[in-house]
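Here is the structure we will look at, set down as structure tokens.
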Amino acid sequence: MARHSYKIPAPLNRPFLDHEISFSVGGWQVPPSPMKQILFLGGGVLVTLWAATTTFIKSAGPALIVLFVVWSLITVFYLGGLTRTRELRFMTVPALLAYLPRKARLVLTRRSADPSGFYSIVGVDDVTENGAISFSDGSLGQVYLVVGSASYLLFDEDRTSILDRVDSFWRKVPTSCEHVFITTKEPQRIYHQVANLERRNQALQVRDPDLLELQNEQYDILTGHVGGKFTSIHQYVLLKGKSADALRQGHLVLQAEVEGSSLMIKEVTMLGRDESHQMLRILYQGTTESLLG
């Protein structure tokens with residue numbers, strides 16, 4: 001039976017500072033807080049009291065001391081808050097300071113510019129002939145074009161079956177392989193239609209000029225309008241493994257899911273170099289020019 005809500009269980013190897021403690025104050029139940037948050041808030045309050053009673057601040061007027069204490073406590077409790085990923089806001093301060101300089105927020109993409117800034121964003125070293133992607137962090141990846149089963153017109157029984165199948169799939173996914181789902185809006189793929197039109201042309205026994213003109217017109221409509229002006233939603237999944245073996249395990253789990261059932265994924269197609277370049281071009285440049293050559 002599909003669940004109505006899901007949660008990520010706490011890992012067994014989590015650090016000591018990530019352990020959460022539940023307690024109540026005055027009969028009110030306080031939400032669980034990790035040890036790192038409690039220590040940070042406690043240390044911040046102690047430092048504030050020490051600075052207000054020991055340092056040069058104690059020689060200031062009472063109004064300035066109160067103002068300093070209020071400002072310091074607000075800062076401590078704000079930086080000691082948790083983000084959506086259960087990390088302290090204080091941990092985001094180094095990234096903010098690195099982002100403040102203008103040169104860190106401006107990336108030149110002209111052909112004559114230094115490519116280091118753009119390369120740091122993309123992080124892709126190479127794409128092989130079979131579509132295997134080598135990332136700058138040493139991991140390997142493979143892109144697949146996927147077609148799912150989600151729809152607003154599903155019956156309740158089908159929706160429950162799909163949720164159960166998805167839940168079962170993620171239980172089998174190895175933690176060493178990351179799944180990145182990418183949704184783009186790009187021109188419709190007309191490979192099958194053009195191939196079928198070519199087969200009709202080859203099987204044409206009577207080379208009548210009117211029939212040939214009709215086929216040429218159909219070809220122009222497919223390539224110039226359907227495959228050029230009409231866009232549709234495409235969804236890809238990028239398997240990114242820490243090693244070649246981790247990527248292979250992720251591929252086997254995905255392949256077994258497609259072969260075993262069509263509830264979660266109806267169809268999957270492994271992309272080669274040209275198709276992977278086309279997908280990356282949509283993300284980093286658009287559909288007008290070639291990015292990766």
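When reading the values below, keep in mind they use all heavy atoms of this one structure, side chains included, and skip hydrogens, waters and symmetry mates. Counting from 1, the numbers follow the sequence of the chain as shown.
Taking the six-membered ring for Trp and thresholds of 30 and 60 degrees, Phe40 and Phe90 have ring planes inclined between 30 and 60 degrees apart. Ring planes of His19 and Phe16: tilted class, angle from 30 to 60°.
The number of heavy-atom neighbours closer than 6.0 Å to CH2 of Trp71, taken from other residues, nucleotides and ligands shown, is 12 or below. When the shell of 6.0 Å around NZ of Lys266 is examined, it contains 12 or fewer heavy atoms from other residues, nucleotides or ligands. Open room surrounds CZ on Phe56; 12 or fewer heavy atoms of other groups in view lie less than 6.0 Å from it. The 12-atom threshold is not exceeded at CD1 of Ile233, counting heavy atoms of other residues, nucleotides or ligands nearer than 6.0 Å.
Tyr119 and Asp125 form a side-chain donor-acceptor contact under 3.5 Å, judged by distance and modelled atom types alone. Under 3.5 Å, the side chains of Ser243 and Asp245 contain no donor-acceptor pair of N or O atoms.
The side-chain heavy atoms of Val124 and Ser136, taken from C-beta on, include no pair separated by under 4.5 Å. Using a 4.5 Å heavy-atom cutoff, the side chains of Asp158 and Phe155 are in contact. No side-chain heavy atom of Phe169 sits less than 4.5 Å from a side-chain heavy atom of Ile265. You'll find the side chain of Pro34 reaches within 4.5 Å of the side chain of Arg86, heavy atoms only. Side-chain atoms of Leu239 and Tyr144, non-hydrogen and from C-beta on, do get closer than 4.5 Å to each other. Put simply, the side chain of Leu88 does not reach to within 4.5 Å of the side chain of Leu79, judged on heavy atoms. Looking at heavy atoms from C-beta onward, Leu108 lies out of side-chain contact with Asp114 at the 4.5 angstrom threshold. In this structure the side chain of Gln142 never reaches within 4.5 angstrom of the side chain of Ile133, judged on heavy atoms.
At least one donor-acceptor pair closer than 3.5 Å links the side chain of Arg105 to the backbone N or O of Tyr99. The closest donor-acceptor contact from the side chain of Thr223 to the backbone of Tyr219 lies under 3.5 Å. No donor-acceptor pair under 3.5 Å is formed between the side chain of Ser168 and the backbone N or O of Asp164. No side-chain donor-acceptor contact under 3.5 Å links Thr54 to the backbone of Ala51. Put simply, the side chain of Arg273 gets close to the backbone of Val127: a donor and an acceptor are under 3.5 Å apart. With hydrogens and angles disregarded, no donor-acceptor distance shorter than 3.5 Å links the side chain of Ser33 to the backbone of Gln37. Looking only at distances, a side-chain donor or acceptor of Asn216 sits under 3.5 Å from a matching main-chain atom of Leu212. Between the side chain of Gln202 and the main chain of Arg199, no donor-acceptor pair closer than 3.5 Å is present.
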- Task: Output, in order, the C-alpha distance, side-chain angles, deciding distance and verdict of side chain to side chain donor-acceptor pair (under 3.5 Å) for Asp274 and Gln278.
- Result: CA-CA 6 Å; Asp274 296 337; Gln278 182 179 356; over 6 Å; no
